[in-house]
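Each chain gets a letter, A, B and so on, in the order the sequences are listed, and its residues count up from 1. Every value quoted in this text rests on a predicted model; they were computed, and no experiment measured them.
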Amino acid sequence: MRFRTPDGPITIKDEILGEATLPAGEVDDFVIRKADGFPTYHFAVVVDDELMGVTHVLRAQEHFNNTAKHIVLQDALGFRRPTYGHLPLIFNPDGSKMSKRDKDKVLRKTVTDRKLAEPPAGTVDAARFTAWLGDKNTQLDYEEANRLANALDVALPEINVDDFRRSGYLPEVVCNFLALNGWSPGENREKFDNAFLTQAFDLSRVVKTPAKFDRVKLLSFNCDAITGMSREDFVRRAKSHGETYHAEFMRKLTPTQFESLAGASHERSKTDMFRGNRFLVLADDAFVYDAKAAEKNLRGAEPNGVSHLRALRALLAEVKAWEPAALEAAIKAYADAHTEGQLGKVAQPLRVAVSGGTVSPPIFDTLSILGRDSSLARIDRAIKQFG
RNA sequence: GGCCCCAUCGUCUAGCCCGGUCUAGGACACCACCCUUUCACGGUGGGGACAGGGGUUCGAAUCCCCUUGGGGUCACCA
């Protein structure tokens, strides 16, 4: 069933875009009731808004032209007209619209590029995989997408609010940053909390242009917010985040180990500290050595990293109290005697040996958290593998 | 393609409505230097924009027109 659109131009008043008039004949008669008896979105939204007493409709600019349909419907039904505001769209860096379908886009492209005819085992049902591959409108659900991404070893972009939360973005930072895409309070102010936002937000300061979503800047905001927290707050929130999203990780650390890790990670955390420190909870023979890091820090001309590790291994086995201060004293003494005090020369080989890479919390904390047995086992493994 | 909307640094934006205070401000990113016993943080400095062309005006980023460019929308989806 269609609605007969009245003749004549339709003027849309918008708090953000101003006034725009669509010439007569621009809006075709449109369906308000589908063959299955259900009302279409256009009809339902107009009726619903009236019944709910909605006063303001704030939605994305892609709805701007639809507003004309809603207005003629409201007039025909004798409904009140809410105030409209069409907010700018949010884009990806490449200028495409940021969309919930972007994860599927990444996966579909990877699958196509690699010419995979079948889904990797244990990811997605084969029939579903084929249907998904052939239809750009089909979306994998959260678990399916993650399993497939894992199997293909590709990173999925954060899109949904929960994706950001899961990744370790603070809710208040996400609100702050989102508000800045399309709006600003002026006066060179861009860091604020929700209380400020509620009192300062004003449609008249919303911009008309689409914004490219700058993940790097979001990350910087998040890092600042984390650094700005008290140590207690950080540990508390990290713990709660870990329990929700990294239960396995949390189970493998004692409360003391966790506190050490959190304390050592606070100042360097941009998001959460779980993904980057996975080596802490993997078995001593299970984490992977980064080839470049090992080449640079363990091999090379004598005395190289491995030769230092051999000496350090013997030395560390003798350390009485396995805690940061004692480890620091022992390792520093070694550096003074053998590398002209250059700690980096011994710290980096150690770091690669126990973590697999060149980035970790401070080395003394790292060793301390790992414990004597794991640390020595990992050093042995590195010596064996790269010596 | 028709219709509608938009146009300031790489990006998010301030300034525009009410022309002069703008040799255009901030933030993220980038570059350099400093700090540093890993990675990072931090500090200092630097490069970087009014899309183009016409008007109006004593004077235009700010007002008007055109061009170019970008976007949205044209579903029995929401």
Heavy atoms under 4.0 Å, any strand shown: does [X] hit a base, just sugar-phosphate, or nothing?
| X | result |
| --- | --- |
| A:P88 | nothing |
| A:F38 | nothing |
| A:R2 | sugar-phosphate |
| A:T21 | sugar-phosphate |
| A:L218 | nothing |
| A:G18 | nothing |
| A:A35 | base |
| A:I363 | nothing |
| A:R205 | sugar-phosphate |
| A:V207 | sugar-phosphate |
| A:K332 | base |

>> Check this for me: A:D113, atom CG, are more than 12 non-hydrogen atoms of other residues, nucleotides or ligands nearer than 6.0 Å?
In response: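 Yes, enclosed.
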>> Using a 6.0 Å cut-off, check whether atom NZ of A:K345 has over 12 heavy atoms from anything other than its own residue.
In response: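 Open.
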Rounded to whole angstrom, note down the [atom1] distance from [N] over to [M].
| N | M | atom1 | answer |
| --- | --- | --- | --- |
| B:C34 | B:G53 | C1' | 48 Å |
| B:C31 | B:G71 | P | 29 Å |
| B:C33 | B:C12 | P | 30 Å |
| B:C22 | B:C17 | P | 16 Å |
| B:U13 | B:C39 | C1' | 32 Å |
| B:G48 | B:G10 | C1' | 9 Å |
| B:C9 | B:G25 | C1' | 12 Å |
| B:G55 | B:G70 | P | 27 Å |

> What do you reckon, are the aromatic ring centroids of A:H308 and A:Y334 less than 6.0 Å apart?
Replying inline: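 Ring centres of A:Y334 and A:H308 closer than 6.0 Å.
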> Tell me, which of residues 53-74 of chain A have any heavy atom that sits under 4.0 Å from an atom in RNA chain B?
Replying inline: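 Within residues 53-74 of chain A, the residues near RNA chain B are A:Q61, A:E62, A:H63, A:F64, A:N65, A:N66.
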> Where does B:C41 land, syn or anti, given syn is within 90° of 0?
Replying inline: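 Syn conformation here, the glycosidic angle of B:C41 being no more than 90° from 0.
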>> Reading RNA chain B from 5' to 3', where do the contacts with chain A start and stop? Cut-off is 4.0 Å to heavy atoms.
In response: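 Under 4.0 Å from chain A, the extent on RNA chain B is B:G2 to B:A78.
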> Quick one: does A:F164's side chain get under 4.5 Å of A:N222's, heavy atoms only?
Replying inline: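 No, every pair of side-chain atoms sits at 4.5 Å or beyond.
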